[in-house]
Structure formats: C-alpha cells, structure tokens
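Report on the structure given below.
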Amino acid sequence: MGVTSVRRTTLSIKNRSRGTSNTMLLPSMLMFGVIVASSGLLLMIEKGILAEMKPPPLHPSAKEMFWRTGSRKTARDMDYQVLQDIRNRTIHTICRQKNMPRTIWDLSAGQRRTVLKHILVSDKHRFLYCYVPKVACSNWKRILKVLDGALENVDIKLKMDHKKDLVFLNDMKPDEIRYRLNHYFKFVFVRDPMERLLSAYRNKFGEIKEYQLKYGLEIVKRYRKNIGKSMGDDVTFSEFLRYLIDEETEKMNEHWMPIYNLCQPCAVKYDFIGSYGRLEEDANFVLERVQAPSFIRFPERQAWYKPVSPETLHYYMCNTPKELIKQLLPKYILDFSLFAYSLPNVTSEFCRQ
C-alpha cells in the first residue's frame, strides 16, 4: 500500500493541478512538501498511530484536566494528532536534506544571531521558547515575567516591555547555549503564514504610527507614482505584499519575517510546536509540561483585540492580484510545508463563495 499509494497521491495531485486552469502553479518545494505530508499520513495509517506553607500546586496534569473538563476526546483532537504527526514527519524529512542546518552552529553568523535573539530562557523551569511576533508572543512574555517574579500576574494592564526582565539565549556564552539547547524543553507557536501577515499588516499600518512613518512611507514612495499627502497610514495590502516580495528575507522586520528564519526548526530541535488556532489547549499543555504553578494561566484575549477571521482573510486574499500571491509563496514556502498549512485558495470558484 505504501509506495503505490504515494504514487497514486502524487499523480492525483499532478492531474488536479493540470486540470484546473484557475489554480496557481505550485513551486517545486511546495509539491515536495505536499508529497512528504501525504507519505507521512499514509505511513501513520499503516502503523495505526492515529502545615508549613507549601509551594503553589503545579499546573494540573493531563489526567486531572481530563476529569475537570469532561470527555473531550473529539474528532478535532484526533485531527490535531494527525496534524502534529504530519508536522513532525515533514520537519524530519526536509531537515535531513543535504544542505539543511543540523545545529545552530551550522548557521551563518546573521542567521544564528536572529534565532538566538528570539529564544527566551527560563532557567527556573528549564525551558526555551522561541517567540514569533503575531503569534501571541506578548502573552507568553507576560507568563515568563510572572514565572520569574517580575510581574505579579498575567492580567496587569501595563504596556509590554519586550526586553526588560527577560533572558534571551543570545545573552549567554556558547557553552551555556549548548547546555540549554541539549537539556531544556523547547517549544514554539506557529500560525498560518498568510493569516500572520494580514494580522501584521492590519496592526502595524492601521494602528501604529511608528510603523506607518518608518515602513509605510517607504512602501508608498516605492510603489506609487504619486504619493500625495500620504503619511504611510494608507498602505494597501497589495503594496505590502509587493514590499515583502522585494525584501531580502533575512533582513525583514521580525513581524513579517518567516517563522523558519526566526526560529530555525532544523537547527533547533523543538520538543513541541503549538498552534495559534489551538492557543488555549496548547498553552495549557506547555504550562503543565514545564510544571508552572496552577495560578498561572494563559491570558484571555483583550476585549479590544480584533482577530483575523476566516471571512476577513478570504476577503483580502480574493481581492489581491493572484500574481502577487504566487510571487510571495516561495519566501514562506517552508512555513507552509514544515508546519502543514494549506496554501491560500484564490481560485475564481472559491472567491465567488
């Protein structure tokens, strides 16, 4: 079943892509990722893997959480287990390729500096967290500050200082870095690449003047014949994507740099990859795994926050020139394939819905 099924799957993918005139051509690396994911799923099916003051109690165990929340072993949970397995297999397969880094010491100085600047350290709870902007990283930073006693609780309404009271792996010596990478629990949270880009666009160019003046003005000057009285606060999503296409990936702002470049999942072997789409469940798993005190919980979403809904994403994708999306995909293809996210569907049929 294994080899034959993979061949059939590959042929089916090719036939579908030939037969649909409105479907964008997929980059070769994406096709490789699709085949790898399909192969992993088939292999998985074949193998059937589907008195004195006491310190605060630890975060509830998985068993305790099960009894507290009731029987929630739903089809969604099973689907997520399949997704995790596909991610693990895809990362393992792609990262074994000849030119991929095996450790952070295989990276260039610039690449290594980027990833080490994005890995936060908790020596008290022995974990490393690679933060990704626009994937709830501010709330995880709050949790780290509470764990280390710098904040009283996660709900304190203070403007987040993204550097103060935090320890980064980049602050340490090589031997200290090696020890923590080898012995600490390592995790990262990921998000659909296009959803993350749209979230960054709406936040930075719609709300933050610093970004409007620094990046917005640059974008309108570069891509408009007449900028008029623009103050960088009227950048269109298409202009933003053009800017990303022309930018050198490793010099991008962290809010839109690919997750692969920020966290280097081939060079750093993460023990857990959480999803933005399952933020509460996955955050609870991590808090339990690092034995966080039970009073520490993942913060609730702020009332003012406007999340990117499927309808909003659909609107932006379907009102963006298809050629722009096609040109952008190669820069984020490792995020799509390694973390098992579907490519944006911008066919005419889908966009009519």
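Since the structure is predicted, the reported quantities are computational estimates derived from the model, not experimental observations. All residue numbers refer to positions in the sequence shown, counting from 1.
Note: Phe237 and Phe240 have tilted aromatic rings, judged against thresholds of 30 and 60 degrees for the angle between ring planes. Ring pair Phe189/Phe272 is perpendicular by interplanar angle, where above 60° counts as perpendicular and below 30° as parallel.
From Asn253, atom CG reaches atom OH of Tyr243 across 7.5 Å, with rounding to the nearest 0.5 Å. Taking CG from Asn139 and CG from Leu144, the interatomic distance works out to 12.0 Å, rounded to the nearest 0.5 Å. Put simply, CD on Glu239 and CG on Leu241 are 10.5 Å apart, with the number rounded to the nearest 0.5 Å. Once rounded to the nearest 0.5 Å, the distance linking NE2 of His183 with CZ of Arg178 reads 13.0 Å. Atom CG of Leu343 is separated from atom CE of Met317 by 11.5 Å, given to the nearest 0.5 angstrom. From Leu181, atom CG reaches atom CE of Met172 across 10.5 Å, with rounding to the nearest 0.5 Å.
Taking 4.0 Å as the cut-off between side-chain N and carboxylate O, Arg222 and Glu218 count as a salt-bridged pair. Using a cutoff of 4.0 Å between basic side-chain nitrogens and carboxylate oxygens, Glu247 and Lys331 are not scored as salt-bridged. The residues Arg89 and Asp85 are annotated as salt-bridged, a charged nitrogen and a carboxylate oxygen being separated by less than 4.0 angstrom.
The backbone N or O of Lys134 sits less than 3.5 Å from a side-chain atom of Arg191, completing a donor-acceptor pair. Of the possible polar contacts, none joining the Asp233 side chain to the Gln212 backbone as a donor-acceptor pair under 3.5 Å is found. At least one donor-acceptor pair under 3.5 Å links the side chain of Tyr201 to the backbone N or O of Val235. Judged by distance alone, the side chain of Tyr270 and the main-chain N or O of Cys263 form a donor-acceptor pair under 3.5 Å. Side chain of Asn284 to main chain of Glu281: no donor-acceptor pair is present (N/O by atom type, distance under 3.5 Å, no hydrogens or angles). Side chain of Arg180 to main chain of Glu176: a donor-acceptor pair is present (N/O by atom type, distance under 3.5 Å, no hydrogens or angles). Gln84 contributes a side-chain N or O that, together with a main-chain N or O of Ile273, makes up a donor-acceptor pair within less than 3.5 Å. At distances below 3.5 Å, not a single donor-acceptor pair connects side-chain atoms of Arg113 with backbone N or O atoms of Asn170. No side-chain donor-acceptor contact under 3.5 Å links Asn261 to the backbone of Met257. Checked by atom type and distance alone, the side chain of Asp171 pairs as donor or acceptor with a backbone atom of Phe168 at under 3.5 Å.
Annotation: side chain of Tyr341 is in contact with side chain of Val190 (closest heavy-atom distance under 4.5 Å). Here the side chains of Arg87 and Ser275 are in contact, with some heavy-atom distance below 4.5 Å. When side chains are defined from C-beta on, Met252 counts as touching Pro258, because their heavy atoms get closer than 4.5 Å. Looking at Tyr131 and Glu254, their side chains come closer than 4.5 Å, going by heavy atoms from C-beta outward. By the 4.5 Å heavy-atom criterion applied to side chains, Val132 and Arg196 are counted as neighbours. Using a 4.5 Å heavy-atom threshold, the side chains of Pro133 and Leu262 count as touching.
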Item to complete: Check the pair Asp123 / Tyr184 against side chain to side chain donor-acceptor pair (under 3.5 Å), numbers first and verdict last.
Response: CA-CA 9 Å; Asp123 284 325; Tyr184 283 16; 2.7 Å; yes
Discussion item. Could you walk me through whether Ile119 and Cys130 satisfy the side chain to side chain contact (heavy atoms under 4.5 Å, CB included) test, starting with their C-alpha distance in whole Å, then the side-chain angles of each, then the deciding distance to 0.1 Å, before giving a yes or no?
Written reply: CA-CA 4 Å; Ile119 295 182; Cys130 186; 4.1 Å; yes
Item to complete: Show the numbers, then the answer: is there a side chain to side chain contact (heavy atoms under 4.5 Å, CB included) between Ile143 and Tyr129?
Response: CA-CA 11 Å; Ile143 287 175; Tyr129 159 59; over 6 Å; no
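A 6.0 Å sphere centred on CD of Glu280 holds no more than 12 heavy atoms belonging to other residues, nucleotides or ligands. Within 6.0 Å of CZ on Arg202 lie more than 12 heavy atoms contributed by other residues, nucleotides or ligands. Other residues, nucleotides and ligands place more than 12 heavy atoms under 6.0 Å from the NZ atom of Lys269. Shown here is Tyr315, whose OH atom has no more than 12 heavy atoms of other residues, nucleotides or ligands within 6.0 Å.
Between Gln264 and Leu107, the shortest heavy-atom distance links the atoms OE1-CD2, 3.5 Å.
Of the candidates Ile333, Thr320, Ile245, Ile245 is the only one forming a side-chain contact (heavy atoms from CB on, under 4.5 Å) with Leu328.
For Phe187 and Phe127, the gap between ring centers is short of 6.0 Å. In this structure, Phe185 has its ring center at least 6.0 angstrom away from the ring center of His125.
A cation-pi arrangement is absent between Lys204 and Tyr215, since the terminal nitrogen or guanidinium carbon is not both under 6.0 Å from the aromatic centre and inside a 45° cone about the axis.
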